[in-house]
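In the text below, chain A, chain B and the rest are named by the order of the sequence lines, each starting its count at 1.
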Amino acid sequence: MVAITLPDGSVRNFDGPVTGLALATAIGPGLAKAALAIKVDGALKDLSAAIERDAAVEIVTTKHAAALDLIRHDCAHVLAEAVQELYPGTQITFGPSTETGFYYDFARNEPFTPEDFARIEARMREIVDRNEAITREVWPRARAIEYFNSKGESCKAEWVNELPAGEELTIYRQGEWLDMCLGPHLPSTGKLPKAFKLMKVAGAYWRGDQTRAQLQRIYGTAWASEDQLKTHLHQLEEAEKRDHRRIGREMELFHQQEEAVGSIFWHPKGWTLYRAVENYMRARVQRAGYVEIKTPQLLDRRFWEASGHWDKYAEAMFAVQPRSESAKEHDGERAYALKPMNCPGHVQVFLQGIRSYRDLPIRFAEFGSCHRYEPSGALHGIMRVRAFTQDDAHIFCTENQITEECKAFCALLMSTYKAFGFEDVRVGFGDRPALRAGSDAIWDKAEAALRRGAEAAGVNYVLNPGDGAFYGPKLDFHLRDAIGREWQCGTLQCDFVLPERFNATYVGEDGQKHRPVMLHRAILGSLERFIGILIEQYAGKFPLWLAPVQCVVATITSDGDAYAVEVRDQLRAAGLRAETDLRNEKINYKVREHSLAKVPLMLVVGRREAEGRMVALRRLGGQAQEVLALDDAIHRLVREAAVPSH
RNA sequence: GCCCCAAUAGCUCAGCGGUAGAGCAACCGCUUCGUAAGCGGUAGGUCGUUGGUUCAAAUCCGACUUGGGGCACCA
């Protein structure tokens with residue numbers, strides 16, 4: 001007897017093992033037709049899988065949460081079958097589902113181009129129409145290797161060879177075609193909704209390893225229905241509209257050009273935004289007991305040799321030499337490097353004079369401008385650049401102070417993110433990696449202290465085993481933005497290697513020299529990148545305190561010019577960023593233009609307002625206008641534009 | 001760095017072997033107008049750079065540069 005509990009709580013009894021399909025058929029023919037797979041005690045299985053014991057079973061249809069993943073994985077297989085039919089000699093390798101679709105990596109000498117997509121998609125639809133049965137087989141390893149080798153599928157054969165011994169090797173066959181795969185899959189290709197679309201082709205390394213062959217990856221998106229597909233494509237268009245590069249240009253925030261690859265030309269409005277962010281961080285950090293410093297941009301190469309960066313990050317460092325002949329005579333072959341990070345500089349400041357335990361913790365903050373030669377393929381708008389500024393700080397403290405410092409930092413970070421409109425923060429805890437510096441005793445202490453700090457600050461984290469830096473454990477902070485994307489920004493790292501390397505010490509209560517611990521921490525990460533994230537988060541519609549132009553005073557006719565200028569000047573005197581629009585244009589035109597420019601507030605002044613010393617206030621995105629006295633308006637706007645108080 | 005794609009007016013794009021085009025923006029007039037585009041006119045380009053093919057190249061081919069999408073990288 002096998003008793004099967006269905007999601008509604010009802011129980012069905014069978015005389016012996018029963019397949020998913022038989023179960024669905026027993027419940028109803030409609031369900032049997034719609035069934036794609038089953039979930040047995042939470043584990044997804046083929047519809048043909050036999051349920052041998054009492055279990056809780058769900059029938060997965062396109063409505064089920066697990067359906068999309070199945071559909072996408074099947075889509076990858078159908079893509080691979082179509083490609084191998086159309087392009088003989090192409091090797092299959094690996095093709096999983098992704099968050100919005102699937103991809104499949106192929107090995108083939110000739111490139112695939114987007115022009116091939118229509119042809120491949122058409123063949124995929126044909127395969128769906130063929131309604132090929134998808135069946136699962138268990139093969140002995142030798143047979144699989146022989147089979148794949150005979151087909152010229154060397155990647156697959158290599159993979160089979162490396163499967164852990166004892167692991168079952170399953171083959172999924174659909175029609176003439178087959179692939180080694182863990183499954184599960186739909187019962188036949190005909191069950192696959194035709195709501196898929198090939199999106200792009202890209203290079204990808206075999207096994208994700210740069211030193212191995214480069215494969216061609218074809219990406220697609222797949223959904224349970226045409227409507228869902230359409231919605232997804234629409235969302236992609238919407239995401240494109242908030243692209244920081246596009247908004248940066250439209251709002252005249254910044255530009256980039258060929259002669260300064262990886263750097264940013266900040267325009268007046270963009271720099272206003274930048275300073276609003278920087279000044280906010282400056283105030284927060286000051287209030288949290290940090291002292292701000294500034295360390296050199298250019299340091300002797302020997303300094304970086306001593307710190308270990310010269311060797312470890314050789315490819316990523318900019319080396320600089322003076323051009324003048326006399327300098328060469330004087331300095332010889334002396335070379336300098338632009339700093340790629342701030343920590344070694346901060347240690348130098350710590351090293352000046354004798355530090356007492358009474359001085360600790362010392363918190364050095366710096367808006368540190370760093371240069372790194374990022375690989376060309378990594379550059380991306382202002383998100384990934386070669387010249388950037390970190391909201392960096394290093395806390396020198398005793399081991400006993402780690403917990404308290406971690407706690408204070410986490411609290412500072414969380415409240416800062418909140419001020420910028422990010423409520424959803426994911427935290428990762430990276431503990432000791434296999435290759436590491438420092439004794440196990442110190443790691444025990446550092447990990448425990450960091451954990452206690454995070455917990456005391458009320459931070460929930462997921463453990464990423466072995467993900468810590470070689471010099472200490474770390475916390476990573478990921479923000480989720482308005483359209484659900486994640487950005488890693490903040491970090492907190494415990495370091496007991498650098499103080500050692502630079503021989504940093506403090507005098508303890510006992511009169512002896514002790515080694516301080518160094519906490520590396522950043523909240524925004526890179527200012528440039530964070531501003532890019534802010535632009536995309538708000539789609540350019542910044543909260544008032546960040547908006548580059550907060551208000552525009554617009555006239556109805558030129559009679560209002562003098563009053564408009566006065567209003568603007570009063571707004572400015574009250575600390576608001578205000579402009580006038582006195583152009584000979586209709587108010588409709590002005591409203592439209594400043595709305596598109598995402599100015600949060602418009603103060604319209606006509607004859608009536610001028611006479612009564614009033615303004616008509618209109619908010620971005622709103623229809624209503626509010627007419628109020630100028631003084632009242634200024635008071636209110638000043639209050640609204642205040643930077644977040646914590 | 002690697003693979004694919006792209007580069008035409010300030011922006012968005014058309015033109016795809018035979019004399020460089022549109023809309024918006026800009027500039028100049030007219031219009032003084034009450035909450036998302038008034039009207040008319042003018043100007044604007046070494047078609048990313050550089051080689052080649054051709055009687056003829058924005059258009060076809062190669063190289064380079066930059067950008068985009070991925071992969072790899074991200075102290």
Side-chain angles (χ1 to χ4, degrees), chain A residues 98 103 105-106 108 110-117 199-219 240 243 245-246 249-250 252 255-262 304 307-309 312-313 315-317 339-344 370 372-381 383-386 388 390 392 469-471 474 488 491 493 495 497-498 520 525-526 529 554-561 582-597 602-609 616-627:
Chain A
T98 65
Y103 65 77
D105 288 346
F106 299 100
R108 175 180 180 237
E110 298 73 38
F112 288 111
T113 73
E115 279 78 62
D116 297 319
F117 286 2
M199 302 297 281
K200 53 201 171 194
V201 53
Y205 299 105
W206 171 231
R207 303 283 189 98
D209 182 344
Q210 204 175 351
T211 62
R212 303 175 90 147
Q214 182 149 34
L215 308 172
Q216 299 188 64
R217 175 171 297 179
I218 296 179
Y219 279 93
E240 205 182 313
D243 187 301
R245 293 162 298 197
R246 176 195 184 116
R249 183 177 58 238
E250 287 171 353
E252 300 175 317
H255 87 269
Q256 297 177 279
Q257 67 187 47
E258 238 178 90
E259 294 84 350
V261 172
W304 299 110
S307 72
H309 293 87
K312 189 152 198 253
Y313 302 109
E315 297 297 306
M317 285 179 71
K339 71 171 166 183
M341 57 196 313
N342 307 301
C343 15
C370 297
R372 296 178 187 173
Y373 189 84
E374 301 287 0
S376 58
L379 300 174
H380 176 80
M383 301 278 206
R384 188 88 181 266
V385 286
R386 289 181 177 152
F388 58 95
Q390 293 176 315
D392 206 0
F470 77 94
Y471 48 72
K474 68 171 184 188
Q488 190 190 324
T491 184
Q493 302 164 8
D495 180 0
V497 169
L498 214 54
H520 306 241
S526 133
R529 180 173 130 95
T555 50
I556 305 269
T557 71
S558 53
D559 293 343
D561 287 3
L582 309 181
R583 291 175 306 171
N584 178 12
E585 297 288 353
K586 289 191 174 180
I587 194 63
N588 283 310
Y589 183 89
K590 296 184 182 181
V591 166
R592 176 180 155 82
E593 234 187 33
H594 299 299
S595 299
L596 290 175
M602 282 193 73
L603 287 73
V604 175
V605 296
R607 189 155 39 85
R608 294 200 298 269
E609 286 78 14
L617 187 63
R618 182 196 167 100
R619 290 168 193 279
L620 179 60
Q623 305 284 330
Q625 316 139 39
E626 189 181 2
V627 178

At 4.0 Å (heavy atoms only), tell me whether [X] reaches a base, stays on the sugar-phosphate, or touches nothing.
X: R217(A); answer: sugar-phosphate
X: R384(A); answer: base
X: A616(A); answer: base
X: P111(A); answer: sugar-phosphate
X: I587(A); answer: sugar-phosphate
X: A202(A); answer: base
X: R249(A); answer: sugar-phosphate
X: S595(A); answer: base
X: K586(A); answer: base
X: Y471(A); answer: sugar-phosphate
X: G622(A); answer: nothing

Is the distance from OP1 or OP2 of [N] to the nearest side-chain N or O of [X] less than 4.0 Å?
X: N588(A); N: A36(B); answer: yes
X: R108(A); N: C4(B); answer: no
X: H380(A); N: G69(B); answer: yes
X: Y589(A); N: A25(B); answer: yes
X: S376(A); N: G1(B); answer: yes
X: R592(A); N: U35(B); answer: no
X: Y205(A); N: C73(B); answer: no
X: R583(A); N: U32(B); answer: no

Only one of R217(A), K200(A), M199(A) forms a side chain to side chain contact (heavy atoms under 4.5 Å, CB included) with Y103(A), so which one is it?
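Going through the options one by one, the only one that passes is R217(A).
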Qualifying residue for side chain to side chain contact (heavy atoms under 4.5 Å, CB included) with V385(A), from H380(A), R529(A), Q256(A), R372(A)
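The passing option is Q256(A).
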Given atom [atom1] of [X] and atom [atom2] of [N], what is their separation to the nearest angstrom?
X: L603(A); N: G34(B); atom1: CG; atom2: C1'; answer: 15 Å
X: E258(A); N: A6(B); atom1: CD; atom2: P; answer: 18 Å
X: K590(A); N: A37(B); atom1: NZ; atom2: P; answer: 15 Å
X: E374(A); N: A72(B); atom1: CD; atom2: C1'; answer: 13 Å
X: F470(A); N: C74(B); atom1: CZ; atom2: P; answer: 13 Å

Now, which nucleotide makes the Watson-Crick or G-U wobble pair with [N], with each of the two distances under 3.5 Å?
N: C30(B); result: G38(B)
N: C24(B); result: G10(B)
N: G62(B); result: U50(B)

On a plain distance test, is the side chain of R607(A) in donor-acceptor contact with the base of C33(B) below 3.5 Å?
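No, the side chain and the base share no sub-3.5 Å donor-acceptor pair.
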Using a 6.0 Å cut-off, check whether atom [atom1] of [X] has over 12 heavy atoms from anything other than its own residue.
X: Q257(A); atom1: CD; result: yes
X: E315(A); atom1: CD; result: no
X: R583(A); atom1: CZ; result: yes

Just compare A36(B), G1(B), U32(B) and give me whichever is closest to any side-chain atom of S558(A).
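Ranking A36(B), G1(B), U32(B) by closest atom to the S558(A) side chain puts U32(B) first.
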Which listed nucleotide (C71(B), U35(B), G34(B)) is nearest to the side chain of V591(A)?
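Closest of the options to the side chain of V591(A): U35(B).
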Tell me which of V261(A) and E585(A) sits closer to the 5' end of RNA chain B, going by the nucleotide each one is nearest to.
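The residue mapped nearer the 5' terminus is E585(A).
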Residue whose nearest RNA chain B nucleotide is more 5′ - I556(A) or D209(A):
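Residue closer to the 5' terminus by nearest nucleotide: I556(A).
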Rounding to the closest angstrom, what is the interatomic distance between G18(B) and A58(B) at atom C1'?
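Pairwise C1' distance, G18(B) against A58(B), rounds to 13 Å.
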Looking at every non-hydrogen atom in both residues, tell me the closest pair between L498(A) and H520(A) and how far apart they are.
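Reported closest heavy-atom pair: CD2-CE1, 4.3 Å.
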Any carboxylate oxygen within less than 4.0 angstrom of a Lys/Arg side-chain nitrogen, looking at D209(A) and R207(A)?
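The answer is no: the pair does not qualify as a salt bridge.
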